[in-house]
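Quick note on labels: first sequence line is chain A, next is B, and so on, each numbered from 1.
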Amino acid sequence: MRWTQSFIRTLRDAPREAEAISHKLMLRAGLARRLSAGLYTYLPLGLRVIRKVEDIVRQEMNKKGAQELLMPILQPKEIWEQSGRWDDKELGMLKLKNREEREFVLGPTHEEIITDLVSREVRSYKELPLNLYQIQTKFRDEMRPRFGMIRAREFIMKDAYSFHVDESSARKGYQDMSEAYSNIFRRCGLKTQVVEADPGAMGGSKSEEFIALADTGEDIIVFCAQCSYAANLESAQRGAEALGKSTEKMKSVKELKTPNIKTIEQLKDFLREKPEKMIKTLIYLADEKIIAALISGHRELSEVKLRKNLKCENLEMADEKLIEEVTGGPLGFSGPVGLKKVKIIADVGVTKIVNGITGANKRDKHIRNVNMGRDYNPDEVADISIVREGDRCPKCSGKLAVRRGIEVGHIFNLGRRYSQRLGAKFLNEKGQERLAIMGCYGIGITRTVAAIIEQNHDENAILWPMSVSPYQVHIILLNVNSRETVKVADNLYNQLTGEGVEALLDDRDERAGVKFKDADLIGVPLRLTISPKRVSEKKVEIKCHRDGKEFLVAIEQAREKVKELIHENG
RNA sequence: CGGGGUGUAGCGCAGUUUGGUUUAGCGCGCUUGCUUCGGGAGCAAGAGGUCGGCGGUUCAAAUCCGCCCACCCCGACCA
């Protein structure tokens with residue numbers, strides 16, 4: 001592509017709206033433009049990157065025997081009622097009606113459609129396993145789109161669905177996708193961490209997320225520096241802490257006046273005591289049952305873990321009224337001592353607290369020197385708190401690290417949930433009717449592009465991996481008024497292009513500085529600089545953007561060198 | 001949906017506190033000409049604005065008041 005004939009638009013300054021680095025660079029390099037919150041136009045340069053990622057995805061999916069198809073975006077209400085998800089609030093469904101008041105949804109995901117299709121087409125175990133996928137725009141009416149293309153209302157997704165005769169086939173299918181995903185992200189130049197996840201709205205038994213580590217990520221994950229343990233912050237576990245027996249002797253309980261001191265933070269300042277000494281008492285309503293959760297003052301409760309422990313459907317914090325009813329004291333002054341008719345569940349960390357401080361269940365009062373076993377007895381001790389940086393790994397007792405990341409892929413074993421509701425049945429070898437076991441596997445294509453930038457950039461430049469770069473080589477023609485130089489640039493451009501190399505020729509009548517800055521920004525990994533000075537020496541310069549390596553080569557050797565470097569960086 | 005912030009030319013901003021030399025400026029970008037030409041050039045001449053919208057106060061509103069809208073950040077929520 002010749003720059004003068006292209007629709008490449010770069011910006012010197014990032015629009016104010018952009019905060020995340022990938023967002024800024026995408027706008028500045030002219031990959032995309034915003035239409036409205038979470039809605040973007042992909043410009044030619046951005047679309048080239050998207051297509052590259054899609055190609056990699058296709059290759060790796062096809063390698064595992066998956067087949068591409070394309071399903072409708074507009075989906076009728078009825079099929080979603082069949083699956084029981086029409087009123088699902090987690091999916092952010094964008095619903096609409098046509099002229100006849102018939103209701104539709106713009107597809108946020110396609111389990112319903114694919115399962116319906118397969119249920120109509122597949123009759124025999126001989127046709128299974130089957131893995132079908134598509135790459136398509138998805139719609140989610142996000143409450144808060146953010147970070148540019150990391151959380152958008154409309155985005156491109158690769159979604160695959162597999163159908164199996166039994167568990168072992170389903171496991172194999174899941175494993176295949178896990179491998180494909182690792183290959184895809186590696187080829188895209190992304191470092192990802194696989195973490196166990198909560199299946200959430202998708203349902204099913206097992207799911208794992210592929211998280212690209214990045215500071216502007218929305219997900220927080222925990223992983224062990226020593227072994228392979230990794231999990232979502234909310235569900236990460238921690239190993240037993242060294243329960244070094246405190247030498248502190250138990251003292252007798254004392255009531256403290258703490259006027260209007262309701263939070264740990266306030267209490268810390270007021271009493272000048274460490275939060276580790278404090279026992280936070282949180283009252284929850286779990287499926288109509290009232291429970292009290294005890295957490296050490298410096299930790300946070302994990303509702304995910306608590307819910308899992310209680311095996312309850314609904315878990316919500318009690319309101320002020322209920323707290324008064326249950327504890328006898330107002331919000332902010334709850335404590336385990338003297339609590340009755342309430343199940344008390346204590347975090348493992350709380351067992352360590354000697355002479356703790358906690359609410360007195362009376363207005364403006366806390367109590368000091370509270371000890372488990374003597375002053376109160378929890379009904380259960382469990383790991384219900386959120387992991388902190390430096391906690392012990394539950395597997396190998398190494399140190400756990402807490403990092404932000406972007407969820408770029410998610411794989412699920414769905415079991416029979418959808419085949420049950422949408423009737424995806426087949427006949428087995430014995431002629432018996434059976435429900436297919438399903439899996440579904442998603443990759444956020446546009447989000448992956450953003451994640452690649454998050455992991456491959458510096459302050460003023462994208463550093464594309466060759467595999468996804470919009471062009472393979474960026475030819476900078478310095479001085480368009482030098483006939484000889486233009487001729488050399490044209491020839492090289494034509495030859496390279498003719499040989500299938502994706503080249504961008506900056507043939508604008510701009511000064512060198514402008515061209516170099518734009519080349520940095522756009523971030524094509526190879527740069528070929530053609531200047532009158534070098535041409536008079538019958539040479540051209542080749543530079544690798546990422547590592548800064550430079551080569552001065554004879555004009556007639558440039559083609560081969562470029563191809564060699566593309567290959568090396570491929 | 002709760003909390004905070006921002007809306008002035010394509011992009012970045014000043015002006016708003018204290019209404020009136022502001023016919024609303026500046027930098028970049030854009031157009032034309034000349035010079036320049038290896039890291040965001042110089043000079044000259046131009047084009048480009050419902051000051052987010054509606055309503056109000058006032059002799060007078062970018063500026064004060066009210067309502068609304070949009071966008072961003074934190075939270076809640078989230079393949």
Rounded to whole Å, CZ of A:F516 lies from P of B:C37 at a distance of 15 Å
Under 4.0 Å between any heavy atoms, over every strand shown, what does A:L521 touch: base, sugar-phosphate, or nothing? Just pick one. nothing
Rounded to whole angstroms, how far apart are CE on A:M93 and P on B:C78? 14 Å
B:G39 C1' sits how many Å from A:D506 CG, rounded? 13 Å
Quote, to the nearest angstrom, the C1' distance that separates B:U8 from B:G49. 8 Å
Does A:S36 put a side-chain nitrogen or oxygen below 4.0 Å from OP1 or OP2 of B:C71? yes
Using a heavy-atom cut-off of 4.0 Å across all strands, would you classify A:R534 as base, sugar-phosphate, or nothing? base
Show each protein N/O and nucleotides 31-36 of chain B N/O combination with a separation under 3.5 Å, one pair to a line.
residue, atom, partner, partner atom, Å
B:U36, O2, A:R511, NH1, 2.7

Remember a base hit wins even if backbone is also touched, and classify A:E541 as base, sugar-phosphate or nothing at under 4.0 Å, heavy atoms. base
Just checking A:F155: base, sugar-phosphate only, or nothing, at a heavy-atom cut-off of under 4.0 Å? base
Using only side-chain N and O atoms of A:R140, determine if any of them is under 4.0 Å from OP1 or OP2 of B:C77. no
Determine the contact category for A:D518: base if any of its heavy atoms lies under 4.0 Å from a base atom, sugar-phosphate if only primed atoms, P, OP1 or OP2 are that close, otherwise nothing. base
Which is true for A:R508 with a 4.0 Å heavy-atom rule: it touches a base, it touches only sugar-phosphate, or it touches nothing? nothing
If you look at every strand shown and take non-hydrogen atoms under 4.0 Å, does A:R146 touch a base, only sugar-phosphate, or nothing? base
Please classify the nucleic acid contact of A:R28 as base, sugar-phosphate, or nothing, using heavy-atom distances under 4.0 Å. base
Looking at residues at least two apart in the chain, or sitting in another chain, which of them share a side chain to side chain contact (heavy atoms under 4.5 Å, CB included) with A:L310? A:A286, A:I291, A:L306, A:C312, A:L315, A:K343
C1' spacing across the pair B:G40 / B:A45, given as an integer number of angstrom: 23 Å
Which nucleotides of nucleotides 7-13 of chain B have their base under 4.0 Å from a protein heavy atom (B), which only their sugar-phosphate (S), and which neither (-), written as one string 5' to 3'? -S--SSS
Taking atom C1' in both B:A14 and B:C1, compute the distance separating them and give it to the nearest angstrom. 36 Å
